[in-house]
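Structure in structure tokens, see below.
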Amino acid sequence: MTATDQAAAARTAGAAMLLVVNDGDGRGLDWYGEPDGRTVGQLPVTSLTRDEGEDLISSIDGASRDRLKLTVQAHPSPAYLYDLADYHQGGVPDDPSAKTDPGSLARIDNTFAPPAGKEVTESREDSPPYEYWPAAYPYAGFGMTRVPPFPREPVAAGHRTDWVSTGNGVKWQQYAAIDGWSAFTDIVGYRPGSVHDEHWFGPVVRPRMVGFEVPHRVGDAMGGTLAGFGDGGSAHSGDSNLMTRSFALYQGDTLLVRNGARPDFGVGDLPPQTLPYRLVADTRSDSDLLPYSRTTHTEWTFHSGTADDQVLPLVQLDYGTDVDLAGRAKRTSAFSVQPVVLGSTATDDTVTAVRLDISYDDGATWHRQDLKRNRDTWQTRLHAPSRAGYVSFRVTAEQRNGDGVTQTVTRAFGLR
């Protein structure tokens with residue numbers, strides 16, 4: 001049955017949606033949005049298998065309008081999802097099923113907050129201990145794009161609870177994308193019974209590395225990846241071809257290298273002695289994909305000398321605040337900063353002090369915030385004036401060894 005015939009059947013039934021009957025196997029996955037291939041249409045669309053559709057069409061054809069009642073119950077996204085993995089070597093056990101009780105799984109509370117009219121596609125792949133990348137990724141070279149082996153599926157804006165396998169070497173990596181912008185987590189394993197929050201495409205968006213992107217020092221060379229658009233204030237990296245990023249590496253005040261088109265960088269012929277370095281990143285967004293984080297400025301300071309293969313322990317900053325799906329917080333919301341040192345657990349590399357300045361006028365004036373430390377998180381509360389529409393902030397995190405990071409985000413999120 002053609003799409004035109006199907007649409008007519010839906011109108012005859014008085015439905016405010018398009019029911020598409022697939023003439024092949026399973027459900028159809030055609031595009032019914034705007035011609036640009038990105039913007040969703042005004043009419044909700046659902047697909048039916050051939051058997052379901054033929055039964056419905058027969059019921060419509062065989063009934064008069066005054067006595068046919070068609071009820072449609074929509075579930076635009078699942079309330080929960082299971083991702084299960086269980087590895088066995090040497091043979092298949094008598095019971096190959098994975099453990100699915102809450103005490104054996106980890107819970108991940110996802111929030112998807114795309115810009116209005118944009119669709120999120122999302123996936124999660126397990127990372128077997130016998131593979132370097134999740135789910136047998138084809139390796140395309142350092143810093144280059146890797147294409148996931150499984151298709152990313154559309155997901156509606158809002159909340160979803162995921163349950164994932166833990167233990168036995170199981171690790172996961174989650175990905176999400178909208179047109180022109182992609183984001184992903186680190187490759188991580190979860191503790192049984194643990195609970196985690198993941199926020200996708202909402203504030204705060206800023207340069208944020210994950211574990212396999214952090215620069216390494218090898219002999220007289222140094223290299224890493226800095227994508228520029230980690231989302232949700234979470235431990236995500238991300239990149240976009242519709243927003244602008246630039247970064248540069250300095251030894252003291254001497255420029256060593258600027259980024260090219262790709263987010264990876266590398267430099268050689270470095271002096272063997274331990275010297276101070278700076279990695280400076282700036283981003284700008286004029287795209288409707290990102291109404292917040294209009295500009296960011298991040299500056300990492302660190303020391304490095306010759307090494308066989310050493311991860312440079314750079315501080316990454318994650319943020320917590322209660323925003324709605326439009327990226328707006330209450331004027332007296334709690335706000336937190338969580339510094340994370342990647343690549344080292346040494347005492348000298350730990351963060352010992354955090355400073356936070358808040359601006360409600362796009363950086364024209366700044367207000368130092370009182371912070372309370374709760375383990376590895378520094379917390380405060382906003383006091384936004386009634387006329388303010390946005391929150392900007394500047395954070396400085398200092399490590400015990402004197403290194404650290406300063407990050408400034410203009411219009412980090414909105415106010416309601």
Side-chain angles (χ1 to χ4, degrees), residues 111-116 157 159 181 183 197-208 228-236 238 240 243-245 281-299 315-340 351 353-374 376-398 404-416:
T111 299
F112 299 96
H159 304 285
W181 186 11
D197 289 315
E198 298 288 355
H199 297 264
W200 299 93
F201 301 113
V204 173
V205 176
R206 77 290 182 211
R208 208 287 189 189
F229 298 99
D231 63 337
S234 303
H236 297 173
S240 171
M243 297 178 274
T244 302
R245 56 165 163 75
D282 291 280
T283 69
R284 176 178 295 276
S285 171
D286 297 317
S287 168
D288 59 357
L289 283 179
L290 184 56
Y292 304 111
S293 294
R294 306 306 279 179
T295 63
T296 75
H297 178 80
T298 307
E299 187 164 330
V315 180
Q316 310 301 312
L317 297 173
D318 297 332
Y319 303 102
T321 189
D322 186 13
V323 296
D324 59 20
L325 292 180
R328 302 170 303 174
K330 293 181 179 179
R331 296 175 184 275
T332 57
S333 291
F335 181 75
S336 65
V337 181
Q338 184 178 16
V340 179
V351 173
V354 172
R355 296 193 305 275
L356 170 65
D357 295 294
I358 293 286
S359 176
Y360 299 109
D361 54 12
D362 294 348
T365 59
W366 294 94
H367 311 276
R368 180 62 53 87
Q369 298 293 116
D370 292 329
L371 296 172
K372 293 184 178 180
R373 183 174 182 177
N374 181 10
D376 58 352
T377 301
W378 278 257
Q379 301 170 332
T380 190
R381 186 166 291 277
L382 304 177
H383 297 283
S386 59
R387 66 183 181 278
Y390 302 92
V391 174
S392 303
F393 62 75
R394 180 174 58 220
V395 174
T396 298
E398 297 178 353
V405 63
T406 296
Q407 188 164 78
T408 303
V409 183
T410 304
R411 295 197 174 189
F413 51 92
L415 292 164
R416 64 179 189 270

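Model, not experiment: these values are computed from the prediction.
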Keeping the roles fixed (side chain from R245, backbone from F229), state whether a donor-acceptor pair exists under 3.5 Å.
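Side chain of R245 to backbone of F229: no pair is present.
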May I ask you to check whether F393 and F335 place their ring centres under 6.0 Å from each other?
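So the answer is yes for these two rings.
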Should T295 and T283 count as side-chain neighbours, where that means a heavy-atom distance under 4.5 Å?
no
Would one find more than 12 heavy atoms of other residues, nucleotides or ligands at under 6.0 Å from atom CZ of R394?
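Yes, the 6.0 Å shell around CZ holds more than 12 heavy atoms from other groups.
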Gap between atom CG of L415 and atom OG of S333 - 0.5 Å precision:
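Separation between the atoms: 8.0 Å.
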Hey, is the main chain of T365 close enough, under 3.5 Å, to the side chain of S359 for a donor-acceptor pair?
yes
Exactly one of T408, T406, D282 should register a side-chain hydrogen bond (donor to acceptor under 3.5 Å, both in side chains) with H297. Which one does?
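The single option meeting the side-chain hydrogen bond (donor to acceptor under 3.5 Å, both in side chains) with H297 is D282.
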With sequence neighbours excluded, give me every salt bridge (Lys or Arg N to Asp or Glu O under 4.0 Å) pair touching residues 286-298.
none
Mind checking ring pair (Phe, Tyr, Trp, His ring centres under 6.0 Å) for F201 and listing every partner two or more places apart, or none if nothing turns up?
W181
Sidechain N-carboxylate O distance under 4.0 Å for R328, D322
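Judged by the 4.0 Å cut-off on N to carboxylate O distance, R328 and D322 do not form a salt bridge.
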If we ignore hydrogens and angles and just use 3.5 Å, is the side chain of S392 paired with the main-chain N or O of R411 as donor and acceptor?
yes
Taking the side chain as everything from C-beta on, heavy atoms only, tell me whether Y360 gets closer than 4.5 Å to Y390.
no
